[in-house]
Amino acid sequence: MKLLLDQGLGHGAASVLAERGHDAVHVLQIGLSEATDAQIIVAARSQSRVVVTLDGDFHAIMATSGETAPSVIRIRIEGLRSQAIALLIHDIATRFEKELLSGALVTADLRTIRARSLPI
């Protein structure tokens, strides 16, 4: 799966995800480390990538936009190291592949992982 990791996630997670077969890049790697959320959404949409973030604003933007892409994975667990966050992202991308490819907002916290289809 093609993933775009937001600033709040360790850039080392992209390497771990690549080892697991994902085309993953961190905003830092593509010159978007200071981009706005809207600019990151545009970049993800143009590159057919799923945004992965800790930031709830991405879900809000997509929920109000009426758009079906890009999909967004929001991790609501802070303090995870790159390896742990990458394994969680890999699990979500694998379990929710169909939804993410169709357009979805996925939220993961300590207890559950939920997906909502776009548009909302």
Side-chain angles (χ1 to χ4, degrees):
M1 181 165 294
K2 294 177 72 173
L3 303 166
L4 177 57
L5 280 59
D6 191 24
Q7 187 63 32
L9 301 168
H11 64 273
S15 298
V16 176
L17 287 161
E19 291 169 6
R20 296 210 170 247
H22 299 283
D23 177 352
V25 295
H26 190 277
V27 292
L28 184 65
Q29 295 171 294
I30 59 172
L32 293 175
S33 61
E34 295 187 24
T36 66
D37 295 345
Q39 291 169 322
I40 292 169
I41 286 172
V42 168
R45 186 179 295 128
S46 71
Q47 298 173 22
S48 300
R49 293 187 181 277
V50 174
V51 176
V52 185
T53 186
L54 301 174
D55 185 351
D57 291 343
F58 285 91
H59 274 197
I61 292 167
M62 292 307 301
T64 59
S65 73
E67 298 286 336
T68 59
S71 290
V72 178
I73 298 171
R74 179 181 180 205
I75 309 295
R76 295 187 65 194
I77 308 166
E78 294 194 31
L80 294 176
R81 296 198 179 272
S82 292
Q83 178 78 19
I85 198 86
L87 294 176
L88 176 59
I89 294 164
H90 172 73
D91 180 52
I92 293 168
T94 302
R95 288 174 52 194
F96 293 91
E97 181 178 14
K98 179 181 174 187
E99 293 88 342
L100 291 166
L101 292 174
S102 297
L105 301 178
V106 176
T107 303
D109 60 30
L110 288 171
R111 295 186 184 147
T112 61
I113 301 173
R114 298 175 308 279
R116 295 185 66 188
S117 296
L118 289 170
I120 294 178

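Numbers here simply count residues along the sequence, with the first being 1.
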Hey, quick one: are [X] and [Y] part of the same hydrophobic cluster, counting side-chain heavy atoms closer than 4.5 Å, chains of contacts allowed?
{"X": "Val25", "Y": "Leu100", "value": "no"}
{"X": "Met1", "Y": "Phe96", "value": "yes"}
{"X": "Ile85", "Y": "Leu3", "value": "yes"}
{"X": "Leu88", "Y": "Val50", "value": "yes"}
{"X": "Leu17", "Y": "Val27", "value": "no"}

Interatomic distance, [X] atom [atom1] to [Y] atom [atom2] [nearest 0.5 angstrom]:
{"X": "Leu101", "Y": "Lys2", "atom1": "CG", "atom2": "NZ", "value": "11.5 Å"}
{"X": "Asp6", "Y": "Leu28", "atom1": "CG", "atom2": "CG", "value": "11.5 Å"}
{"X": "Gln29", "Y": "Leu4", "atom1": "CD", "atom2": "CG", "value": "9.5 Å"}

Please report the closest heavy-atom contact between [X] and [Y], naming both atoms and the distance.
{"X": "Ile89", "Y": "Val52", "result": "CD1-CG1, 3.5 Å"}
{"X": "Gly10", "Y": "Ser82", "result": "CA-OG, 3.8 Å"}
{"X": "Pro119", "Y": "Gly66", "result": "CB-O, 3.4 Å"}
{"X": "Leu54", "Y": "Ile77", "result": "CD2-O, 3.9 Å"}
{"X": "Ala24", "Y": "Leu5", "result": "CB-CD1, 4.4 Å"}
{"X": "Ser71", "Y": "Gly103", "result": "OG-CA, 3.2 Å"}

Just list the side-chain donor-acceptor pairs under 3.5 Å for residues 30-42, sequence neighbours left out, or say none.
{"from": "Thr36", "atom 1": "OG1", "to": "Gln39", "atom 2": "N", "distance (Å)": "3.1"}
{"from": "Thr36", "atom 1": "OG1", "to": "Gln39", "atom 2": "OE1", "distance (Å)": "3.3"}
{"from": "Gln39", "atom 1": "OE1", "to": "Thr36", "atom 2": "N", "distance (Å)": "2.7"}

Output all residues satisfying ring-ring contact (aromatic ring centres under 6.0 Å, His included) with His22, sequence neighbours left out; order by chain, then residue number. His90
Over 12 non-hydrogen atoms of neighbours within 6.0 angstrom of CZ in Arg116: no
Could you go through Asp109 and Arg114, starting from their C-alpha distance and side-chain angles, then the distance that decides it, and tell me whether this counts as side chain to side chain contact (heavy atoms under 4.5 Å, CB included)? CA-CA 9 Å; Asp109 60 30; Arg114 298 175 308 279; 3.5 Å; yes
Test Leu105 against Met62 for side chain to side chain contact (heavy atoms under 4.5 Å, CB included), laying out the working first. CA-CA 8 Å; Leu105 301 178; Met62 292 307 301; 3.8 Å; yes
With respect to Ile73, which candidate in Val51, Ile113, Ile92, Thr107 satisfies the side-chain contact (heavy atoms from CB on, under 4.5 Å) definition? Ile92
Is Val16 isolated, or which residues cluster with it under the ILVMFWY side-chain rule of less than 4.5 Å, directly or via members? none
Tell me whether His26 contacts the main-chain N or O of Leu9 through its side chain, where contact means a donor paired with an acceptor under 3.5 Å. yes
Audit row: Glu67, Ile61, side chain to side chain contact (heavy atoms under 4.5 Å, CB included) steps and yes/no: CA-CA 9 Å; Glu67 298 286 336; Ile61 292 167; over 6 Å; no
